[in-house]
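In what follows, every chain begins at residue 1, and chains take the letters A, B, ... in the order their sequences are listed.
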Number of protein chains: 2
Amino acid sequence: MLSYTEENYLKALLKITFENGSNEAGTNELANTLVVKPATVNDMLKKLKEKELVEYEKYGKITLTSEGRSNAIEVLRKHRLWETFLYEKFDFSWDEVHEVAEQLEHIQSTKLIDKLEKFLDYPEFDPHGDPIPNKKGEIKVHFKKTLADVGVGNSCRMVAVKDNSSSFLQYVVKVGLGINNEIKVLSRQEYDALLVIEVNGQLSSVSQKFAENIFVVCQNCIIGKPCSKIKCEIS
Amino acid sequence: MLSYTEENYLKALLKITFENGSNEAGTNELANTLVVKPATVNDMLKKLKEKELVEYEKYGKITLTSEGRSNAIEVLRKHRLWETFLYEKFDFSWDEVHEVAEQLEHIQSTKLIDKLEKFLDYPEFDPHGDPIPNKKGEIKVHFKKTLADVGVGNSCRMVAVKDNSSSFLQYVVKVGLGINNEIKVLSRQEYDALLVIEVNGQLSSVSQKFAENIFVVCQNCIIGKPCSKIKCEIS
DNA sequence: TTTATTTGTTAGGCAAGCCTAACTTGTATA
DNA sequence: TATACAAGTTAGGCTTGCCTAACAAATAAA
Ligand SMILES: [Mn+2]
Ligand SMILES: [Mn+2]
Ligand SMILES: [Mn+2]
Ligand SMILES: [Mn+2]
């Protein structure tokens, strides 16, 4: 049985590996994610290693064992199912769900999660567009391309957000954006990459920082990088 | 903001005062309820007193302040709403709900509880027949009479259980009993107070211990003690 | 390749909650 | 009233999860 804190460490490691596109993480990286000091992380790593949830040698990189990973995925699964529940059934807005799901994800009851999933009719994505792992621990897609990668004159479809903070999510809504919206990039400033986009016939200006936090899938024409299969599967 | 543990201490105090019919509790009593040692309780009492959640002097009795009491009632409210949710919406049996509700009762989100209550259409009783406090902290009834108080030849209606342990609840089901069932007492053994009862035309023998854990309301004819108003209101 | 900077580690400490063992106070019983 | 027992308290210790300050290793820059 894992503690609340241990679960959060594993979940944070999983998150980092998703973001890095590798399966390695560092002490400071983990400390930043958990808003905790590196020394604290170091203590915990020894315990997690002892429990065979991570692999890790002094001054080396941290990786999840398959045991650790499956625990982390289970927590992520619960988190996203609860977010979906709050959003779908209890009229929470997409910027409100995360905070409560951070608590609910630690409730221990397999039956509860099974019933929850069934009640929601086996959803595939949470309110932020993130994929919900299934009971076997399989996750469908990891989005990589963002609005910042879309070429001028081209269109894309928003599928998820990268930043889940409520301030960002509220901003997204204010700009008139939401999951599944078609976005056309009308122009990009040379100097600061400021974009002018069109959504539902409405024009908005968004910063590069903003654009980098909106995951999109191609409808051909994505700038530079080729269209990876994993992304286009759902486009 | 109260910790998980502090909430459990306050809830336990409330429970004890309900059971005692007074508003006082002792250190050992509290320790037993929480399955913790008296020394531990003593430490915590100092903190709770400091936070003005309990009134308490060395070697004296413990009472909840109105602040402490309202916190305790809020936890109890959440507990019973969650039990009702699990029972009504997720097909949990009445002996399964308590364990999970013990976790869910600590989730901090006023909005969540308001939505939960609305979703359940403002229930008044939980699956065990216990009253659910409303948002103002008001509780409707406290049952006092049990099946053990019913005279031979008389009938009553089961409204709640006193013991919430899953072993007892499963036993109750096995005997063919449930909330709102009519129970007729056919005989009572002189020696050990063993009862023969009739429920839905079916006869069963139940021990005194068993009978003392089934709350009932009168339909006149309750042995000895007069019919207190608070009980009969809902009968 | 030496130096500076980032990254990671160790030692020592603290608060929350729990424990045991020894003690004190209050109450019931003789 | 004296004494025994129950109830409550204190002292000291443990684990978990966090911290700061000082240090060591690895890596990037000069
Ligand atoms: Mn989230
Ligand atoms: Mn999400
Ligand atoms: Mn319960
Ligand atoms: Mn109940």
**OP:** Go through C/dT9, C/dT10, D/dT10 for me and flag the one nearest to the A/Lys46 side chain.
**Re:**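 It is C/dT10.
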Original post:
Are A/Glu102 and A/Lys11 ion-paired here, with the side-chain N under 4.0 Å from a carboxylate O?
Top reply: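 Salt bridge between A/Glu102 and A/Lys11, a charged N being under 4.0 Å from a carboxylate O: yes.
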**OP:** Indicate yes or no: does B/Lys49 engage B/Glu55 in a salt bridge with an N to O separation below 4.0 Å.
**Re:**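 No, this pair does not count.
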**OP:** Please tell me if the side chains of B/Leu169 and B/His128 come closer than 4.5 Å, counting only heavy atoms from C-beta onward.
**Re:** yes
Please state how far atom [atom1] in [X] lies from atom [atom2] in [N], giving the value in whole angstrom units.
X: B/Lys51; N: C/dA16; atom1: NZ; atom2: C1'; answer: 10 Å
X: A/Asn32; N: C/dT6; atom1: CG; atom2: P; answer: 13 Å
X: A/Lys58; N: C/dT10; atom1: NZ; atom2: C1'; answer: 8 Å
X: B/Met1; N: C/dA16; atom1: CE; atom2: P; answer: 16 Å
X: A/Ile62; N: C/dT9; atom1: CD1; atom2: P; answer: 8 Å
X: A/Lys49; N: C/dG8; atom1: NZ; atom2: P; answer: 16 Å
X: A/Glu57; N: C/dG8; atom1: CD; atom2: C1'; answer: 14 Å
X: B/Leu48; N: C/dG17; atom1: CG; atom2: P; answer: 9 Å

Subject >> Footprint string (nucleotides 17-24 of chain D, 5' to 3'): B base within contact, S backbone only, - free, heavy atoms under 4.0 Å >> reply: SBBB---B
**OP:** Evaluate the criterion salt bridge (charged side-chain N to carboxylate O under 4.0 Å, His left out) for residue pair A/Glu212 and A/Lys162; output intermediate values, then yes/no.
**Re:** CA-CA 8 Å; A/Glu212 283 169 348; A/Lys162 193 172 191 172; over 6 Å; no
Subject >> Partner set under side chain to side chain contact (heavy atoms under 4.5 Å, CB included) for A/Tyr59, not counting sequence neighbours >> reply: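 In terms of side chain to side chain contact (heavy atoms under 4.5 Å, CB included), with neighbours along the sequence ignored, A/Tyr59 is linked to no residue.
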Original post:
Please walk me through it: do B/Asn134 and B/Glu124 pass side-chain hydrogen bond (donor to acceptor under 3.5 Å, both in side chains)?
Top reply: CA-CA 8 Å; B/Asn134 68 16; B/Glu124 298 193 336; over 6 Å; no
Subject >> Geometric cation-pi criterion A/Lys115 and B/Phe92, 6.0 Å radius, 45° cone >> reply: no
Might you list the N or O atoms of the protein lying below 3.5 Å from N or O atoms in nucleotides 3-6 of chain D, with each pair's distance?
none

**OP:** Kindly say whether the aromatic ring centers of A/His79 and A/His98 come within a distance under 6.0 Å.
**Re:**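 Yes.
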Subject >> B/Phe168 ring center near B/Phe210 ring center (under 6.0 Å) >> reply: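 Yes.
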